Structures are given as C-alpha cells and as structure tokens.
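Here the structure is a predicted model, which is why all the values come from computation and not from measurement. Chain letters run A, B, ... following the sequence lines, proteins first, then strands; residues in each count from 1.
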Protein chains: 2
Amino acid sequence: MYPQLISHIGKYVQLTHDEEQLLCEYVELRQYKKKAYLLEAGKHCPGNFFTLKGVTRMYLINDDLNEQIVQFSIENWWIADYDSLLNKQPARYYIQALEPTEVLLLPDKNVEHLFDQIPKLERYFRIMMQRAYVASQRRIGFIYGMSDEERYRHFLKLNPEFVQRVPQYMLASYLGFTPQFMSRIRAKKV
Amino acid sequence: MYPQLISHIGKYVQLTHDEEQLLCEYVELRQYKKKAYLLEAGKHCPGNFFTLKGVTRMYLINDDLNEQIVQFSIENWWIADYDSLLNKQPARYYIQALEPTEVLLLPDKNVEHLFDQIPKLERYFRIMMQRAYVASQRRIGFIYGMSDEERYRHFLKLNPEFVQRVPQYMLASYLGFTPQFMSRIRAKKV
DNA sequence: CCTAAAAAATGAACCAGTTTAAGAAATTAA
DNA sequence: TTAATTTCTTAAACTGGTTCATTTTTTAGG
C-alpha cells in the first residue's frame with residue numbers, strides 16, 4: 001500500500017479499501033539516482049509518474065539545441081509526456097531526476113481496463129488533467145501578461161521552496177530567458 | 001438529438017442510444033450574434049460550450065488593460081473557463097462570438113450526476129482535457145522555441161482557414177505580439 | 001450609395017532581453 | 001585536498017520586437 005498516493009486521491013474521490021488495494025497492485029515503485037532519466041525523448045512514455053520524493057524536470061531539446069524546461073515536478077505531482085501517452089507515439093520530452101527521486105509509475109498498458117474496474121479513478125484523472133490544463137493556461141497568461149523580470153519575481157513569491165532545490169539556470173530555462181539576464185535581475189534586488 | 005455532438009463523442013467512446021438520449025436532454029442549445037458574449041469575466045462560467053457553428057475567442061484583460069487572447073474555438077471544439085468551473089470561482093476570461101455562433105452548453109450544475117449515470121462520458125472528458133493540456137503544452141513549447149516571426153508562419157501553415165475568419169490584430173494578440181509587428185512580417189513576405 | 005467607424009499598414013525612435021566573452025565561486029569526484 | 005566540472009556573475013555590443021504618431025484601406029449601416 002502507498003498511503004501517500006491513496007491520501008492524494010482521497011482528496012478528490014472516495015475509493016473503497018478493495019479499490020485502493022487493486023490500484024496499489026497496479027502501480028510500480030521506481031527509484032532514480034540524481035541525473036537519471038525517467039524518460040528519454042524517442043522512447044515511448046511508459047505511463048504516468050507520481051512523485052513520492054524528490055524533484056524532476058521535463059524538458060525538450062529545441063531547434064537551437066538548447067534544453068528548454070517545460071515543467072518541474074515535486075512531491076505529490078503527476079508528470080508524464082501526455083502527448084506520447086495519448087497518441088501512442090515516441091516522446092518529445094526528457095524527464096530527469098534532479099535529486100535522488102522515488103516515484104510510482106502507473107503504467108499506461110491496460111490502464112483503461114483499470115479505469116473500467118474503478119470508474120472513480122477516471123474522474124480523479126479527469127480532474128488532474130483539468131488542473132494541469134488550467135495551470136498551463138495560467139502560465140500562458142503570465143508569459144504574455146508580464147515582463148520576464150515580473151514573471152521571475154512572481155514565480156519566486158509563489159514557489160519559494162523551489163528556488164532552493166533547483167539550480168538557477170534551470171529556473172531561467174523554465175521561465176524562458178538566459179542565466180545571464182537572471183543574474184542581472186538578482187543583482188538589482190538590492 | 002444533436003448528431004454533430006454525438007458523432008464527435010463517438011470518436012472516443014461508444015454510447016448506447018439511451019445514453020445519447022439522456023445526454024441530449026441535458027445539454028442546451030444557445031445562439032449568439034456577432035460580438036455577443038458567451039461568458040464575461042466576473043460571472044461564474046455556466047458550463048462547457050461545444051461549438052456547432054461559428055468562431056469564438058477567449059481573452060482576458062491584462063495589467064496594461066489590453067485584451068490578451070488565450071484561445072479560439074471553431075466547430076467541434078469545447079471551450080470554457082475551466083478554472084472557474086473547477087474551483088467554483090468567478091471567471092477571469094471573456095468568451096465572445098466573432099461570427100453568428102451556435103453552441104451547445106453542457107451546464108456544470110449536476111454534471112457529476114450525469115457522469116455517474118454515463119461513466120463513459122467521464123472518460124470522454126478526461127480525454128478532452130488531456131488533449132487540451134497537450135495542446136497547451138505544445139503552445140508553450142512554440143512560444144519558447146520559436147521567434148515571433150517563425151511562430152506566425154507556423155500558425156499560418158497549420159491553420160490557414162483561421163486567418164480568413166478572424167481579424168489580424170486578434171491573431172497578433174493570440175500569438176503574443178503587436179499588430180504593427182505583424183504588419184511588418186507580412187510586408188516582408190514578398 | 002455614401003459616410004463614419006473599424007481595421008490594417010507604415011516609419012522612426014526606443015528598450016527589454018540576448019549574445020559573446022571572460023572570470024569568479026561553488027560542487028563534485030577521486 | 002586538489003583538479004575538474006558545473007554554476008553564477010559582470011559588462012559591452014547588439015537585435016527582435018514595441019511604442020507612438022500618422023495614413024490608407026475595409027467594413028457596416030442608415
């Protein structure tokens with residue numbers, strides 16, 4: 001049993017004890033060292049990862065051969081290349097552990113069969129997808145509505161823990177500007 | 001019965017005739033003149049809109065008091081302020097008809113009861129949310145991976161119909177730059 | 001069909017953020 | 001504990017895209 005997962009799901013839908021049991025048999029515990037890859041571009045995404053402990057980043061290599069981070073995940077977040085899962089195609093993204101990391105993998109294989117057995121899980125994942133979508137829409141709003149500097153300060157205010165856990169140049173990549181520019185902003189802070 | 005909706009759903013899940021019937025009783029046909037609002041910021045989003053005919057834009061007013069378009073919808077797309085729906089809070093966005101537009105409203109009220117009666121609908125909307133999320137993630141990738149000019153040309157190539165149907169300054173707003181800059185790009189095309 | 005209003009185009013001055021380059025500081029591995 | 005590597009900082013020159021002001025074209029309605 002994985003109480004951390006069960007309790008997260010419990011915030012959205014009420015599973016019976018049997019359903020919890022069934023789900024926990026279905027998921028798979030995986031551990032990664034720092035810098036290890038949960039997923040590499042070109043491979044098929046094996047399923048949906050729930051972070052128990054640690055931090056990961058999801059990124060792609062863009063046309064200029066730079067790494068562009070699209071998302072981080074920390075404890076109690078789901079992360080996956082949903083494009084790869086939905087359209088059964090090779091992943092575009094890398095997912096990499098930035099600390100020693102422990103995740104639960106919900107394999108995509110037969111997942112619809114699992115959902116047939118536990119329809120409440122389908123609701124749970126509908127809500128997770130909706131939340132992810134809303135977060136992503138908000139991010140687009142921030143990108144267009146704020147200057148890079150405002151967006152940096154805003155991110156800092158909302159996610160102070162984060163800044164301790166990931167190197168600054170990765171934050172710069174996530175926020176869409178250069179480490180040099182970030183350094184300039186930080187120097188200004190006085 | 002609304003065959004256009006039923007056939008769209010049919011691409012993802014198989015409903016029985018009774019289920020189709022039940023769903024169609026649940027949705028509500030609405031018609032809007034050009035420039036009419038399906039939703040205004042500050043009000044609660046009444047539910048999920050499925051476009052039968054026409055075009056709408058979804059936008060917010062940013063800190064500089066400019067309209068920032070976050071999304072368009074055309075035939076067979078769902079559109080809503082999912083943040084408002086999910087968190088039962090007033091909408092941040094406006095949704096406005098750009099042509100005479102006909103939509104089906106799936107009211108949010110009791111929608112979970114409807115999903116209990118037709119669990120396959122929950123799967124359908126999970127998939128819709130996942131698709132929307134993927135699209136939104138891709139858009140963030142484009143924003144960071146391409147210059148404004150590249151993004152404009154890329155959008156044109158993928159959505160040629162669109163350019164005929166919406167004024168250019170709205171496209172510029174959606175793509176995140178000024179109408180003046182867009183004009184410059186277009187002039188260059190020779 | 002004509003006019004007022006809305007949308008699109010143009011040009012010049014300007015600025016937020018990039019690029020390039022070099023060095024300093026902090027981590028990591030051995 | 002040192003060498004190697006990764007991360008952070010600083011500064012000057014540069015550029016993609018904005019702003020402001022004006023003109024031209026298109027659209028809608030009486």
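Judged by distance alone with a 3.5 Å cut-off, a donor-acceptor contact links the side chain of Arg184(B) to the base of dT18(D).
When all heavy atoms of Leu175(B) and Arg151(B) are compared, the closest pair comes out as O-NH2, 2.7 Å. Heavy-atom minimum distance, Glu28(A) versus Arg30(A): OE2-NE, 3.0 Å. Here the closest non-hydrogen pair linking Gln68(A) and Ser173(A) is NE2-O, 2.8 Å.
The CD-C1' distance, from Glu150(B) to dG17(D), rounds to 14 Å in whole Å. In this entry the distance linking CG of Leu98(B) with P of dA7(C) reads 11 Å, nearest Å. Rounded to whole angstrom, the span from the OH atom of Tyr144(A) across to the P atom of dG17(D) amounts to 11 Å. In this structure, Met182(A) atom CE and dT10(D) atom P are separated by 14 Å, rounded to whole Å. Rounded to an integer number of Å, the gap from Arg153(A) CZ to dG17(C) P is 12 Å. Remark: C1' of dT18(D) and CE of Met146(A) are 19 Å apart, rounded to the nearest angstrom. Atom CD1 of Ile185(B) and atom C1' of dG17(D) are 9 Å apart (whole Å).
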Check against ring pair (Phe, Tyr, Trp, His ring centres under 6.0 Å), Tyr59(A) and Tyr93(A): CA-CA 5 Å; Tyr59(A) 67 92; Tyr93(A) 299 103; 9.1 Å; no
Candidate pair Glu112(B) and Arg126(A), rule salt bridge (Lys or Arg N to Asp or Glu O under 4.0 Å), full reasoning: CA-CA 12 Å; Glu112(B) 301 217 334; Arg126(A) 174 180 60 79; 3.5 Å; yes
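The environment of Arg131(B) atom CZ is sparse: at most 12 non-hydrogen atoms of other residues, nucleotides or ligands sit within 6.0 angstrom.
Taking the six-membered ring where the residue is Trp, Tyr12(B) and His8(B) present tilted rings, their angle falling between 30° and 60°.
Between its opening and closing five pairs, the helix from dC1(C)-dG30(D) to dA30(C)-dT1(D) changes axis direction by 60°, a value rounded to 10 degrees.
No donor-acceptor contact under 3.5 angstrom links the side chains of Tyr26(A) and Asn110(A), judged on distance only.
The residue Pro179(B) sits apart from the nucleic acid: no heavy atom pair falls under 4.0 Å.
For Tyr174(B) and Phe155(B), the ring centers sit closer than 6.0 Å to each other. If you look at Phe125(B) and Phe115(B), their ring centroids are closer than 6.0 Å.
The residue among Lys35(B) and Phe181(B) whose nearest nucleotide of DNA chain C is located toward the 5' end is Lys35(B).
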With 3.5 Å as the limit, what N/O pairs link the protein to nucleotides 21-30 of chain C?
unit_1  : atom_1 : unit_2   : atom_2 : d
dT28(C) : OP1    : Lys34(A) : NZ     : 3.4

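Of the residues in residues 168-178 of chain A, those lying under 4.0 Å from DNA chain D by heavy-atom distance are Gln168(A), Tyr169(A).
Cluster membership check: Leu171(B) shares its hydrophobic cluster with Val55(B), using side-chain heavy-atom separations under 4.5 Å among Ile, Leu, Val, Met, Phe, Trp and Tyr.
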